[in-house]
There are 2 protein chains.
Amino acid sequence: MEFESPKMSRLPTIRRLPAYLRVLRQLQGEAWEHVSGTYLAEQLSLDPVQVRKDLTITGIVGTPRVGFMVDDTVAAIEAFLGWQNATEAFLVGVGNLGTALLGYAGFERHGLKIVAAFDADPAKIDVEIHGKPVYPLEKIADLAARLRVRMGILTVPEIAAQAVADRLVVAGITAIWNFTPVALKTPGGVVVQNEDLSCGLAVLSAKLRNADGS
Amino acid sequence: MEFESPKMSRLPTIRRLPAYLRVLRQLQGEAWEHVSGTYLAEQLSLDPVQVRKDLTITGIVGTPRVGFMVDDTVAAIEAFLGWQNATEAFLVGVGNLGTALLGYAGFERHGLKIVAAFDADPAKIDVEIHGKPVYPLEKIADLAARLRVRMGILTVPEIAAQAVADRLVVAGITAIWNFTPVALKTPGGVVVQNEDLSCGLAVLSAKLRNADGS
DNA sequence: TCAATATCGATATTTTTTTATCTATTATAG
DNA sequence: CTATAATAGATAAAAAAATATCGATATTGA
Ligand SMILES: NC(=O)c1ccc[n+]([C@@H]2O[C@H](COP(=O)([O-])OP(=O)(O)OC[C@H]3O[C@@H](n4cnc5c(N)ncnc54)[C@H](O)[C@@H]3O)[C@@H](O)[C@H]2O)c1
Ligand SMILES: NC(=O)c1ccc[n+]([C@@H]2O[C@H](COP(=O)([O-])OP(=O)(O)OC[C@H]3O[C@@H](n4cnc5c(N)ncnc54)[C@H](O)[C@@H]3O)[C@@H](O)[C@H]2O)c1
């Protein structure tokens, strides 16, 4: 007697969806009509059962002996992730990493459009970087309200991370993509996704040490 | 009747170690002698039991009513990850992202030292970027052998990713930190860590869609 | 038409990860 | 010296994820 919400987390599944999407789009380019879960699994070195199970989260259904309609599956994944029409975002901290992200065209394929950037350094403001305007941090609340932007990408130095995050929250930002290694404290209702590169490096280091260690 | 290997995967644990390390180093700076698992948990919004369990993977032991010796714990984590002395690495693809990574000083704190970069674009070679020399791709095998470098960081365009990875493997690279969204095919014995940003974006999108969707 | 086969989707099982509970230890206060 | 509270660490339980099994179904080719 338990009403299950349509998606009961399944974070690992969600993380794999972009990989499926990437293969599927390539198949679209090659004018495939159908694709089997088995094929997707081979391309991505995954288990076929896992692929089929993952795809069910999007609501897509396949047909036996045929597979999944490529176009429908792309649409289903995009709809599930909300990637049909781009979410507009701000980026704060136009340094090494921030500049790289501003220049990455791939985000547009992932339902993300960075509309403006912000920085504390006067030398960086009022210039366009990769076609994106850079404003002083003070303007963020006003612009967030005017443009109704709700996502912020955080690429400031560690030391400034929490303070800038607080500012984003005050400005009405409800989703923070956090590239700093800081564990941000945010009020409920704000979703934070941490993209700490050192996690991946730790895994690689551990594997490496294990590979030659024994 | 089962001999367990010293580390039986526990990937989520390994991914959390750098966060512990970061807090611990800050405490070192403030001259703390001990720290409780409870405190670490609070700082990182984790469960205290999980913190203690995670730390056991490094072999560190704490004392009741006191906690863990800060210095010893830092040493234990670094030893577990092999971060005491830096691993030397090559970076291939000095574009937006590659340049950002070359300029990131934080890697040195994570046992990683990028000693050289490579690119296919003649305009980029023979200049130093962030103090690192950039060579043509052709030199990679020779330099890898001479410098005994075994780790490669891959930041080339998707289209070139597999070919460059193959080249890295031929050159004797056994660990690839892959920032492209391509699922690389590599021979056994080569460890690959994928750092696909779109995974994190997918999670953020799903959370966001779920937060206002219902 | 019919057998063979590739495939999906449902169910079951196993493994991994997280969370909870309980016991023992130790510093500290009285 | 003893009681108390904070804490580690062991064990157990629960939850989540990955993997395996199996029946049903559609396509293909005999
Ligand atoms: N560069 C990388 O490859 C890399 C890799 C992993 C993690 N990171 C993390 O990303 C973050 C940024 O790294 P980076 O190398 O780009 O640093 P950076 O110093 O190159 O850039 C930081 C930028 O933020 C701006 N800034 C500083 N304080 C600010 C504030 N209060 N408000 C707004 N802007 C402010 C600075 O002017 C600068 O432009 C850091 O937290 C770092 O740990 C970077
Ligand atoms: N820029 C980002 O923020 C970002 C974000 C997510 C993922 N990525 C991924 O990182 C990779 C690089 O992205 P980028 O934005 O830095 O691209 P980029 O085009 O700016 O840089 C690519 C670099 O690789 C070099 N290159 C091309 N072919 C090569 C080859 N065969 N051998 C060696 N070098 C070669 C190019 O000369 C260029 O310098 C891509 O796979 C992209 O999907 C980038």
Side-chain angles (χ1 to χ4, degrees), chain A residues 2-17 19-20 23-24 27 32-70 72-73 76-77 199 202-203 206-207 210, chain B residues 2-17 19-20 23-24 27 32-70 72-73 76-77 199 202-203 206-207 210:
Chain A
E2 181 71 54
F3 290 95
E4 310 197 8
S5 93
K7 119 171 158 26
M8 41 314 206
S9 92
R10 293 179 63 179
L11 240 49
T13 290
I14 295 172
R15 299 180 65 85
R16 283 187 293 268
L17 293 179
Y20 300 138
V23 176
L24 288 163
L27 298 182
W32 286 39
E33 285 215 16
H34 322 98
V35 64
S36 72
T38 313
Y39 178 85
L40 290 173
E42 267 169 22
Q43 293 299 303
L44 299 167
S45 305
L46 296 173
D47 187 283
V49 178
Q50 190 171 56
V51 173
R52 292 204 296 268
K53 187 117 181 274
D54 282 348
L55 291 181
T56 61
I57 204 179
T58 68
I60 193 82
V61 297
T63 51
R65 183 63 216 248
V66 174
F68 300 86
M69 301 285 286
V70 175
D72 292 356
T73 311
I77 295 176
C199 299
V203 173
K207 283 183 190 162
N210 222 258
Chain B
E2 180 72 55
F3 288 95
E4 308 197 9
S5 92
K7 107 156 172 37
M8 41 313 208
S9 92
R10 294 180 62 181
L11 239 48
T13 290
I14 295 173
R15 299 180 65 85
R16 283 187 292 267
L17 292 180
Y20 300 137
V23 176
L24 288 163
L27 298 182
W32 287 38
E33 287 214 18
H34 323 97
V35 64
S36 72
T38 311
Y39 179 85
L40 289 173
E42 266 169 23
Q43 293 299 303
L44 299 167
S45 305
L46 296 174
D47 187 284
V49 178
Q50 189 171 56
V51 173
R52 293 203 295 267
K53 187 115 182 274
D54 282 348
L55 291 181
T56 62
I57 204 179
T58 68
I60 194 81
V61 296
T63 51
R65 183 64 217 248
V66 174
F68 301 87
M69 301 283 287
V70 174
D72 293 356
T73 310
I77 295 176
C199 299
V203 174
K207 282 183 191 162
N210 222 260

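Small disclaimer: the values here were computed from a predicted structure and weren't measured. So that the names make sense, note that chain A is the first sequence line, chain B the second, and so on, each numbered from 1.
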Begin with the C-alpha distance, continue with both residues' side-chain angles, and end with the deciding distance and a verdict on side-chain contact (heavy atoms from CB on, under 4.5 Å) for Lys207(A) and Val203(A).
-> CA-CA 6 Å; Lys207(A) 283 183 190 162; Val203(A) 173; 3.7 Å; yes

Just to confirm, is there a sub-4.0 Å distance from OP1 or OP2 of dT15(C) to any side-chain nitrogen or oxygen of Arg10(B)?
-> no

Nucleotide of dG9(C), dC8(C), dA8(D) approaching Ser36(B) most closely (side-chain heavy atoms) | dA8(D)

Contact nearer the 5' end of DNA chain D, comparing Gly37(B) with Lys53(B) | Gly37(B)

Which one, dT27(D), dA20(D), dC8(C), comes nearest to the side chain of Val49(A)?
-> dA20(D)

Picking from dA27(C), dA20(D), dT17(C), the nucleotide nearest the side-chain atoms of Val66(B) would be dA27(C)

Against the side chain of Pro64(B), the closest entry in dA20(C), dT7(D), dA18(D) is dT7(D)

Nearest-nucleotide pick for Phe68(B), side chain only, options being dT7(C), dA8(D), dG9(C) | dA8(D)

When the distance from NE2 of His34(B) to P of dT26(C) is rounded to whole Å, what number comes out?
-> 13 Å

Whole-Å distance, Leu46(B) CG to dT18(C) C1', equals 11 Å

Please give, in whole Å, the distance from dG9(C) P to Leu55(A) CG?
-> 9 Å

Rounded off to whole Å, could you give me the CD-to-P distance for the Glu33(A) and dT27(D) pair?
-> 12 Å

Worked verdict on Thr73(B) versus Val35(B) for side-chain contact (heavy atoms from CB on, under 4.5 Å) | CA-CA 9 Å; Thr73(B) 310; Val35(B) 64; 5.5 Å; no

Starting at the 5' end of DNA chain C and moving along, which residue's nearest nucleotide shows up first, Thr63(B) or Val35(A)?
-> Val35(A)

Which heavy atom in Pro48(B) sits nearest to a heavy atom in Thr38(B), and how many Å separate them?
-> CB-CA, 4.2 Å

Given side-chain contact (heavy atoms from CB on, under 4.5 Å), test Leu40(A) with Leu55(A) step by step and report yes or no.
-> CA-CA 11 Å; Leu40(A) 290 173; Leu55(A) 291 181; 4.2 Å; yes

Taking only side-chain nitrogens and oxygens of Thr56(B), does any of them come within less than 4.0 Å of OP1 or OP2 of dA8(D)?
-> no

Polar pair under 3.5 Å, donor/acceptor by atom type, side chain Arg65(A), base dT27(D) | yes

CZ of Arg16(A) versus C1' of dA17(D): gap in Å, rounded?
-> 8 Å

Touch class at under 4.0 angstrom, heavy-atom based, for Arg15(B) against every strand present = nothing

Indicate whether OP1 or OP2 belonging to dA17(D) is found under 4.0 Å from a side-chain N or O atom of Ser9(A).
-> yes

Tell me whether the OP1 or OP2 atom of dT11(D) has a side-chain N or O from Arg52(B) closer than 4.0 Å.
-> no

What heavy-atom pair brings Ile14(A) and Ile57(A) nearest, and what distance separates the two atoms?
-> CG1-CD1, 4.3 Å

Take Phe68(A) and Tyr20(A), measure what side-chain contact (heavy atoms from CB on, under 4.5 Å) needs, and give me the verdict at the end.
-> CA-CA 12 Å; Phe68(A) 300 86; Tyr20(A) 300 138; over 6 Å; no

Picking from dT7(C), dA18(D), dA17(D), which would you name as closest to the side chain of Gln50(A)?
-> dA18(D)

May I have the distance from Asp47(A) (atom CG) to dT21(D) (atom P), rounded to whole angstrom?
-> 11 Å

Rounded off to whole Å, could you give me the CG-to-P distance for the Asp54(B) and dT16(C) pair?
-> 16 Å

